[in-house]
Protein chains: 2
Amino acid sequence: MPRWEHGSEERLKQAAMDLFSEQGFEDTSVVQIAERSGVTTRTFFRYFSDKREVLFADSDTLRSELVRAVAEAPDVVDPLQVVVGVLSTFDWEGRGRDIQRRRYAVIAANPELMERELIKNARMADEFAEALRARGVDARLARLAARVGREIFLLAYEEWLVGGSADLAVIAKDMTALLWSMQSPETTTPPSR
Amino acid sequence: MPRWEHGSEERLKQAAMDLFSEQGFEDTSVVQIAERSGVTTRTFFRYFSDKREVLFADSDTLRSELVRAVAEAPDVVDPLQVVVGVLSTFDWEGRGRDIQRRRYAVIAANPELMERELIKNARMADEFAEALRARGVDARLARLAARVGREIFLLAYEEWLVGGSADLAVIAKDMTALLWSMQSPETTTPPSR
DNA sequence: GTCTATAGTCCGATAGAC
DNA sequence: GTCTATCGGACTATAGAC
């Protein structure tokens, strides 16, 4: 382990976040990020597959954590509830709301970064669906629950981010109730349990 | 406006689709596409902001068409129904299922193209939500209906694409019913009408 | 760690349509 | 003449190859 190079990844992530915040994503080059971190661009691309990925490195480990939570849910009789529950009861507060607000602001300000955010979310939903299916949920139902649950959570998360001190789980529950309030009589089918 | 070789844009789109299909997106360069179309790369970038966009040029006009349909819906008392209805009753058959299948195969085979597809869908949902809001729907409800409606449609669309001769509107209705079947008793709120 | 291909931008020039 | 579409080439940065 080369001790003098230790921490490169963290320094790169920090430098990228700072530079993107200060001068925007487009106007920041990988060379700049590398220079500020005391490494070469080659080192940057050793850690991150592309320039955008430096902002999403953590999201991969986070995703597997969340997928595991779905896979280990006590029961899956209500798959939508499982998805929304796992996502909204995760300890987002513990990761710092300000940091997440800042990160989201950078991402929202740049379409290329938003594209990456969206595909990460899509992959997470796909893995949620697969985890539910592995637990015996019908494939079609699993996909639907994963996708709709993700949307409910994302809307709740956005409100939580910009909002004051509201609890994310509460917002998510509220959002779910709002969805059910849209059920029109003519398209109603009797609950299956 | 029209000139001798005014079909440049169409030729570029066709050449790109063919080449991406034959040898993959990554292994096709803009130079190749331009050469096959008898123009230079400069001309390619005059029509398309980047290499991916050549596959999505039509989707922009399509989006505004669909957004207009939402804005002009007879009524918006059931916003989810409006979104799913507008999307699923559009004449997708008329655009050729084979062409759409081929296009989707190319997109699904490449993450970069999927990223673009996702952000286009996200923008469409945003505009749907705004159109609903303009019609008097509560902002929160409008966003929720737009996003959930989009997911219901996309799942139905994917089934329609791979499937035989099933009607898209029917699949979408079925998918909506499946969503309502997930409503759990404890989170139920009384229907508002 | 160096070298190179490709994406994408910029400026200026050209030529047909009107 | 203007307007619009095309072309030429030089240029930077990303990203991958060697």
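Just so it is clear: chains get the letters A, B, ... in the order the sequence lines come, proteins before strands, and each one is counted from 1.
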*Is B/Thr41 touching bases, backbone alone, or none of the nucleic acid, heavy atoms closer than 4.0 Å?*
nothing
*Map A/Arg52 and B/Thr40 onto DNA chain D by nearest heavy atom, then report which one ends up closer to the 5' terminus.*
B/Thr40
*Where along residues 24-32 of chain A does a heavy atom come under 4.0 Å from DNA chain D, residue by residue in number order?*
A/Thr28, A/Ser29, A/Val30
Please report, to 0.1 Å, the donor-acceptor pairs under 3.5 Å made by any side chain of residues 64-76 of chain B, with sequence neighbours excluded.
{"unit_1": "B/Ser64", "atom_1": "OG", "unit_2": "B/Thr61", "atom_2": "O", "d": "2.9"}
{"unit_1": "B/Asp75", "atom_1": "OD2", "unit_2": "B/Val77", "atom_2": "N", "d": "3.3"}

In whole angstroms, how far is the [atom2] atom of [N] from the [atom1] atom of [X]?
X: B/Arg46; N: D/dC3; atom1: CZ; atom2: C1'; value: 12 Å
X: B/Leu19; N: C/dT6; atom1: CG; atom2: P; value: 14 Å
X: B/Phe45; N: C/dT9; atom1: CZ; atom2: P; value: 7 Å
X: A/Phe44; N: D/dT14; atom1: CZ; atom2: P; value: 8 Å
X: B/Asp50; N: D/dA13; atom1: CG; atom2: P; value: 19 Å
X: B/Glu35; N: D/dT6; atom1: CD; atom2: C1'; value: 17 Å

*asked:* Below the 4.0 Å mark, does D/dC7 have OP1 or OP2 next to a side-chain nitrogen or oxygen of B/Thr43?
replied: yes
*Does B/Tyr47 have a side-chain nitrogen or oxygen under 4.0 Å from the phosphate oxygens OP1 or OP2 of D/dA5?*
no
Residue list, side chain to side chain contact (heavy atoms under 4.5 Å, CB included) with [X], at least two apart or on another chain:
X: B/Glu53; answer: B/Phe48, B/Ser49, B/Asp50, B/Phe56, B/Asp60, B/Arg116, B/Lys120
X: A/Thr41; answer: A/Val30, A/Val31, A/Ala34
X: B/Glu159; answer: A/Arg140, A/Arg143, B/Ile171, B/Met175
X: B/Thr43; answer: B/Val39, B/Thr40, B/Tyr47

*Per-nucleotide pairing state of DNA chain D [Watson-Crick or G-U, under 3.5 Å; [ ] pseudoknot-crossing; | other strand]*: |.||||||||||||||||
*Apply salt bridge (Lys or Arg N to Asp or Glu O under 4.0 Å) to the pair A/Arg147 and A/Glu151, showing each step before the final yes or no.*
CA-CA 6 Å; A/Arg147 297 240 209 152; A/Glu151 294 306 322; over 6 Å; no
*Of the residues in residues 108-120 of chain A, which ones touch DNA chain C at a heavy-atom distance under 4.0 Å?*
none
Result block: side-chain N/O donor-acceptor pairs under 3.5 angstrom for residues 105-112 of chain A, not counting sequence neighbours:
{"unit_1": "A/Asn110", "atom_1": "OD1", "unit_2": "A/Glu112", "atom_2": "N", "d": "3.0"}

*From the list D/dA5, C/dG1, C/dG8, which nucleotide is the closest neighbour of the side chain of B/Lys51?*
C/dG8
*In terms of side-chain heavy atoms of A/Arg42, which of D/dC7, D/dC18, D/dA5 is nearest?*
D/dC18
*Can you name the residues that form a ring pair (Phe, Tyr, Trp, His ring centres under 6.0 Å) with A/Tyr157, not counting sequence neighbours?*
A/Trp92, A/Phe153, A/Trp160
In a table with atom names and distances, give each donor-acceptor pair under 3.5 Å that connects a side chain of residues 124-131 of chain B to protein atoms at least two apart or in another chain.
{"unit_1": "B/Glu127", "atom_1": "OE2", "unit_2": "B/Arg63", "atom_2": "NE", "d": "3.4"}
{"unit_1": "B/Glu130", "atom_1": "OE1", "unit_2": "B/Arg133", "atom_2": "NE", "d": "3.3"}
{"unit_1": "B/Glu130", "atom_1": "OE2", "unit_2": "B/Arg133", "atom_2": "NH2", "d": "3.3"}

*Quickly, which of A/Lys13, A/Arg103, A/Arg102, A/Arg11 forms a salt bridge (Lys or Arg N to Asp or Glu O under 4.0 Å) with A/Asp18? Name it, please.*
A/Arg102
_Results of salt bridge (charged side-chain N to carboxylate O under 4.0 Å, His left out) for B/Arg135 - residues two or more places apart only_ = none
